[in-house]
2 protein chains.
Amino acid sequence: MSGTSPTGDELVSLLAALASPHRLRILAAVARQRTYVSELARQLQMNRPLLYMHLQKLEAAGLVSGELVTAPDGSSVKYVQAVPFTVALDLDAIALAAQNLTGSGPAAEQEK
Amino acid sequence: MSGTSPTGDELVSLLAALASPHRLRILAAVARQRTYVSELARQLQMNRPLLYMHLQKLEAAGLVSGELVTAPDGSSVKYVQAVPFTVALDLDAIALAAQNLTGSGPAAEQEK
DNA sequence: CTCCCCTGTCAGACTTGCCTGACAGGGGGT
DNA sequence: ACCCCCTGTCAGGCAAGTCTGACAGGGGAG
């Protein structure tokens with residue numbers, strides 16, 4: 001999935017997911033080291049529910065993947081790791097992506 | 001300014017500016033052709049004030065540049081054109097950008 | 001039992017972004 | 001005078017994102 005030209009909507013989702021200082025820090029931390037949620041919350045010094053929200057967005061965008069590991073004793077810990085990706089961003093890529101946006105053309109048909 | 005590694009904050013601003021279907025379409029249209037605002041509003045079929053807002057964001061992010069051209073007769077028209085750029089987006093770039101975010105470190109000093 | 005650590009989810013407050021209609025003003029044609 | 005086209009800005013409504021404290025529950029160690 002790395003290096004592929006994303007559709008317009010996918011691009012928007014990806015950029016939206018990345019356009020946040022918190023999520024950038026989360027991604028950076030998770031790319032360096034596979035940790036579990038609570039530990040990550042301590043490292044980054046942010047509320048756990050907040051971290052949860054951001055993690056969900058990152059996961060929805062396919063940038064991180066979570067794995068709930070249940071130890072033999074029954075205690076569970078959720079590990080999170082970054083998913084490698086690559087996107088080249090320039091005017092051409094944008095012009096290309098803008099062509100296939102849901103409801104892009106001047107005559108956008110209503111669908112709702 | 002193309003190809004340079006942006007600081008964390010700049011990256012966030014850039015991504016935020018691009019994470020919008022409207023702005024993507026605007027950029028694409030403006031990259032293809034140097035037009036003026038009202039004409040662009042007609043092409044993209046969006047309210048002029050709305051277009052203005054998005055143009056301001058794009059301009060603030062340095063993605064487009066506007067030029068108010070006043071004809072000899074006094075009538076003025078604002079031309080807008082895209083500013084070329086290139087950003088390689090991957091985990092390394094993000095890890096790098098996350099290092100220099102205002103108030104990044106675990107011990108974020110209060111400043112407000 | 002009590003204390004600690006973990007996961008998940010919630011309602012509510014707050015902030016930000018998005019979008020619209022309306023306005024003021026400059027200038028040109030008929 | 002009237003109508004048309006352009007630029008620029010505004011208040012106000014609406015939707016979405018952000019953040020917090022609190023809760024329920026599972027499990028382990030003293």
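Here is the naming used below: chain letters follow the sequence lines, and residue numbers restart at 1 for every chain.
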### From A/Leu44 atom CG to A/Arg42 atom CZ, the distance as rounded to the nearest 0.5 Å
11.5 Å

## Note on the structure
All heavy atoms of B/Leu24 vs all of A/Ala98, minimum pair found to be O-CB, 3.9 Å

### Contact pattern, 5' to 3', of nucleotides 9-22 of chain D - B, S or - by protein heavy atom under 4.0 Å
B-------SSBBBB

### Query
Can you tell me how far P of C/dG21 sits from CG of B/Leu51, to the nearest Å?
15 Å

### Query
So, do A/Leu18 and A/Leu27 sit near enough that their side-chain heavy atoms are less than 4.5 Å apart?
yes

### Query
Is a donor on one side and an acceptor on the other found under 3.5 Å between the side chain of B/Asp73 and the backbone of B/Ser75?
yes

### Task
For side chain to side chain contact (heavy atoms under 4.5 Å, CB included), just list the numbers for B/Lys57 and B/His22, CA-CA rounded to whole Å, side-chain angles, deciding distance to a tenth of an Å, and then say yes or no.
CA-CA 11 Å; B/Lys57 296 209 169 190; B/His22 273 162; over 6 Å; no

#### Entry: Residue that, paired with A/Arg23, satisfies side chain to side chain contact (heavy atoms under 4.5 Å, CB included) out of A/Leu63, A/Leu58, A/Leu55
A/Leu58

### Query
In whole Å, what is the span from the OH atom of B/Tyr36 to the P atom of D/dC6?
4 Å

### Query
Rounded to the Å, how far apart are B/Glu39 CD and D/dC4 C1'?
15 Å

### Atom pair distance, as rounded to whole Å: CD in B/Gln45 and C1' in C/dT20
16 Å

### Task
Using only heavy-atom distances, determine whether the side chains of B/Thr7 and B/Asp9 contain a donor-acceptor pair under 3.5 Å.
no

### Query
Which nucleotides of nucleotides 25-30 of chain D have their base under 4.0 Å from a protein heavy atom (B), which only their sugar-phosphate (S), and which neither (-), written as one string 5' to 3'?
--SS--

### Task
May I ask you to decide if B/Tyr36's main-chain N or O and B/Glu39's side chain share a donor-acceptor pair within less than 3.5 Å?
no

### Summary
Tested for side chain to side chain contact (heavy atoms under 4.5 Å, CB included) against B/Asp92, the lone hit among B/Asp90, B/Leu96, B/Leu89 is B/Asp90

### Task
Report the distance from atom CG of B/Leu24 to atom C1' of C/dC18, rounded to the nearest whole Å.
16 Å

#### Entry: Between P of D/dT7 and CG of B/Leu40, the distance in whole Å
10 Å

### Length of the line joining B/Leu68:CG and C/dG26:P, which is rounded to integer Å
14 Å

### Task
Answer yes or no: does a side-chain N or O of B/Lys78 lie under 4.0 Å from OP1 or OP2 of D/dC6?
no

